[in-house]
Amino acid sequence: MAKVVVTGKIPAGGLARLKAEHDVTAWEKDDAISRADLLTMVAGADAIVSLLTEKIDDELLDAAGSQLKSVSNVAVGYNNIDVPACEKRGVLVTNTPGVLTEATADIAMSLILMVTRRLGEGERVIRAQEPWQWGMFYMLGMGLQGRQLGIVGMGQIGIATARRAKAFGMNIAYTRRSPLEDNVVNELDAKYMSMDELIESSDVLSLHCPYSPATHHLMSENQFARMKKTAFLINTARGPIVNEQALVDALKAGEIAGAGLDVFENEPAVNPGLLELDNAVLIPHLGSATVETRAAMADIAATNALAILAGAQAPNLVTS
Ligand code: GLV
């Protein structure tokens, strides 16, 4: 029996599979584990099953010890893990791709609709019991039909978002490092553009790239200045891809029309400037937050950890 440390609450199915084969120590409280508790808890672990709120770095790997074989993130994004540091020690890293694609695309599409049709703003009027009345020019938004959705990072989630947007009548443009499969290009009638072209021509720009040093503040002053004044930014990827202060400034200055954000630069903190803006829709990192998706994520993380502990090939290995 190996020692498996699960750093936060995860759905029962995945946890039960780990417990059936190994000695599991799991953080059972609703609140995220503190760093000090985490460093104590991982000591002697053969496998760690981590949440995206836990930083897996040299300090933590030292605290775990040299017997550690794997870190299985219960997330598709793994920017909380120092993958090169793990690789140096021979610790394998896995993530949970695939199962959260549709849930996250649903949230991206929801944000597109919310921000272009001013739904957060409208709901606030009703809840605040402010006077209102139907009016020909009251709270007009932007229609999506015939507008361009620019997808930055046309991977699984980007493609799933594009499918939804196409059903709403949007035209799809994208940027991505490697060529997109012909069948997807044809299905979506998707147009490849350089990042610059995409920024300048899109009516809605939706971020779906991973976060890394290369994508840190990919969207900053310069990019906002080049977007259409009528355009909207959507972020369901990772907060620090956007320079949040530059976004606040751009929204205040009317350089862009609005933003829909599921992720923030310093989660769970939110730039106070965003809170004052009616044209920012703000939701608390709910991309994969459905009962079904979270259960599937825990199950995949368990599959990965169990495979590595059994000396088998893990299905979702990631490398630097
Ligand atoms: C969620 O943000 C994830 O990366 O799974």
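Order of appearance sets the numbers: ligands from 1, and atoms from 1 within every ligand.
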Just wondering, more than 12 heavy atoms not from [X] lying within 6.0 Å of its [atom1]?
X: Lys252; atom1: NZ; answer: yes
X: Arg164; atom1: CZ; answer: yes
X: Lys191; atom1: NZ; answer: no

N/O separation below 3.5 Å, Gly77 to ligand 1: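 Gly77 vs ligand 1: N/O contact under 3.5 Å present.
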Ligand 1 versus Leu100: contacting region, heavy-atom distance under 4.0 Å: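 It is the side chain that touches ligand 1; the backbone stays farther off.
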Salt bridge (charged side-chain N to carboxylate O under 4.0 Å, His left out) assessment of Asp57 paired with Arg35: CA-CA 12 Å; Asp57 55 7; Arg35 182 72 180 172; 2.7 Å; yes
The one among Ile157, Leu52, Val76 that brings a heavy atom closest to atom 5 (O) of ligand 1: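 Looking at heavy atoms only, Val76 sits closest to atom 5 (O) of ligand 1.
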Residue His285 vicinity, atoms of ligand 1 by number, heavy atom under 4.0 Å: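 Counting atoms of ligand 1 from 1, those under 4.0 Å from His285 are 1 (C), 2 (O).
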